[in-house]
Protein chains: 2
Amino acid sequence: MLRLSKLTDYATVILSFIARDTTQVHAAMEIAAATGIALPTVSKILKRLVNAKVLSSTRGAKGGYMLARLPEHISIATVISALEGPIAITECSISQQGCDQALGCGIRGNWNLINQTIHNALESVTLADMIRPIPAQDAQWQQEILIPVASLYR
Amino acid sequence: MLRLSKLTDYATVILSFIARDTTQVHAAMEIAAATGIALPTVSKILKRLVNAKVLSSTRGAKGGYMLARLPEHISIATVISALEGPIAITECSISQQGCDQALGCGIRGNWNLINQTIHNALESVTLADMIRPIPAQDAQWQQEILIPVASLYR
DNA sequence: TTGATTGAGGACTATTTTAGTCCTATTTAA
DNA sequence: TTAAATAGGACTAAAATAGTCCTCAATCAA
């Protein structure tokens, strides 16, 4: 339902934990303990964030992870594509096959507009925004948008 | 990857077909033939669109489907929620469990802002926009956003 | 009134994607 | 040299999505 994967959700939790203390590196085990996310899963996410150059890592004893950039320069779009690959609402073939038959392609172009809008929205929010507490007054439109779910953490 | 389901994609194709000729009802079989989407799948999509009051249906011989509203009044957000349920980027528990531990909930509120932005974007584009051909000049940012895929139709 | 046509509803299966785990190799501090 | 960490990737399990099919209800026309 146009939903982020759990891993991406976890990633924001992990990143905000790391962002709270930038004076030292954080080992995967420490992060797992602090967030309650299982270690192998934490580890998997951290590796992907390193590949995307969102985090930098230090190997060996006393090793761990730290932010590779300032929180202001880590956009949500970056985090999403680190975990889930490129952000694209529609699956549109660049090779023409099937796409410009009947009614297909007149529609496609307009999806791109939507793609772009969403991408901009995600690009404009950074980790710095995410770790800043928000006013509680906004609770009212949580009801409109969110759907209930059993639990976030397993 | 923050992607629409295939069914939603099909739905836009089907809706734009129906919108092209509003003078008569269109049977599922006719739509399947015109779009190249398998009949059972077309049928499933049409039923969901009727439930969402995007289409109205006539049963029996000479029956079929037609738009229940003007194309200008059918938003993409409506189509998406008809096919995929409510639009929500994050799975956030309304029951507190797990969410206000450690770092969870400071983050959540900001996701809602993103949700809202995306929802607005999807609400602002209608079927009328989708069936209107777009200028080809925009082809340049198709490269940035879209990812290649084998084929849209099976 | 009856038969053909067409949608409604929902159960079911198959496929694909996502989540989660684990193993082995490499790096580094002590 | 050893212990503590990450890197990379293979593998399994679980969940979501896609797709099909069956039975029932409604409508039209002969």
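Remember, predicted model here, so these are calculated numbers, not experimental data. Below, chains carry the letters A, B, ... as their sequence lines are ordered, and counting in each starts from 1.
Distance alone, capped at 3.5 Å, is enough to place a donor-acceptor pair between the Thr35(B) side chain and the Ile31(B) backbone.
Per the geometry, CD belonging to Glu84(A) stands 15 Å off P belonging to dA16(D), to the nearest Å. Whole-Å rounding puts the Tyr65(B) OH to dA26(D) C1' distance at 12 Å. Atom CG of Leu39(A) is separated from atom P of dT21(C) by 9 Å (rounded to the nearest Å). Taking atom CD1 on Ile37(B) and atom C1' on dG19(D), their separation rounds to 12 Å, with Å as the unit. One can place CG of Leu4(A) at 19 Å from P of dA15(D), the figure rounded to the nearest angstrom. What separates CD1 of Ile45(A) from P of dG20(C) is a distance of 8 Å, to the nearest Å. In this entry the distance linking CG of Asn51(B) with P of dG7(C) reads 15 Å, nearest Å. Here dT6(C) presents its P atom at 17 Å from CG of Leu55(B), a figure rounded to the nearest Å.
Proximity note for Lys47(A) (side chain, C-beta onward) versus dA19(C), dG19(D), dA7(D): the nearest is dA7(D). In the set dT21(C), dG10(C), dG7(C), dT21(C) carries the atom at the smallest distance from any side-chain atom of Ala38(A). Comparing dA19(C), dT6(C), dA29(C) by their closest approach to the side chain of Ala27(B) singles out dT6(C). Here the side chain of Leu7(A) is nearest to one of dG20(C), dT6(D), dG19(D), namely dG20(C). Side-chain proximity of Ala61(B) to dT5(C), dT6(D), dC22(C): nearest is dT5(C).
The side-chain hydrogen bond (donor to acceptor under 3.5 Å, both in side chains) check on Thr78(A) picks up Ser75(A), with sequence neighbours excluded. The side-chain hydrogen bond (donor to acceptor under 3.5 Å, both in side chains) test applied to Asp21(B) returns Thr23(B), Gln24(B), not counting sequence neighbours.
In this structure, CG in Leu49(B) is found 11.5 Å from OG in Ser56(B), a value given to the nearest 0.5 Å. Atom CG of Leu4(A) is separated from atom CG of Leu83(A) by 9.5 Å, given to the nearest 0.5 angstrom.
Lys62(B) comes within contact range of the sugar-phosphate backbone alone, with a heavy-atom separation under 4.0 Å but no base atom that close. No engagement by Ser43(B) is indicated, since no non-hydrogen atom pair under 4.0 Å with the nucleic acid exists.
One finds no side-chain N or O of Tyr10(A) lying less than 4.0 angstrom from the OP1 or OP2 phosphate oxygen of dT18(C). For Thr58(B) and dT27(D), the shortest distance from a side-chain N or O to OP1 or OP2 is not below 4.0 Å. At the phosphate of dA19(C), OP1 or OP2 sits under 4.0 Å from a side-chain N or O atom of Ser5(A).
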Would you sort out whether Met130(B) and Leu15(B) count as a side chain to side chain contact (heavy atoms under 4.5 Å, CB included), showing the intermediate values?
CA-CA 10 Å; Met130(B) 301 292 276; Leu15(B) 284 172; over 6 Å; no
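On a pure distance criterion of 3.5 Å, no polar donor-acceptor pair joins the side chain of Arg59(B) and the base of dT6(C). In terms of polar N and O atoms assigned as donor or acceptor, the side chain of Lys44(A) comes within less than 3.5 Å of the base of dG20(C) in a complementary pairing.
Heavy atoms only, all atoms of each residue included: Ile18(A) and Met66(A) are closest at CG2-CA, 4.1 Å.
Proximity of Leu67(A) to Leu127(A): side-chain heavy atoms (C-beta onward) are separated by under 4.5 Å at one or more points.
Taking a pair as Watson-Crick or G-U with both hydrogen-bonding distances under 3.5 Å, the stems of three or more pairs touching DNA chain C are C:1-30 with D:1-30.
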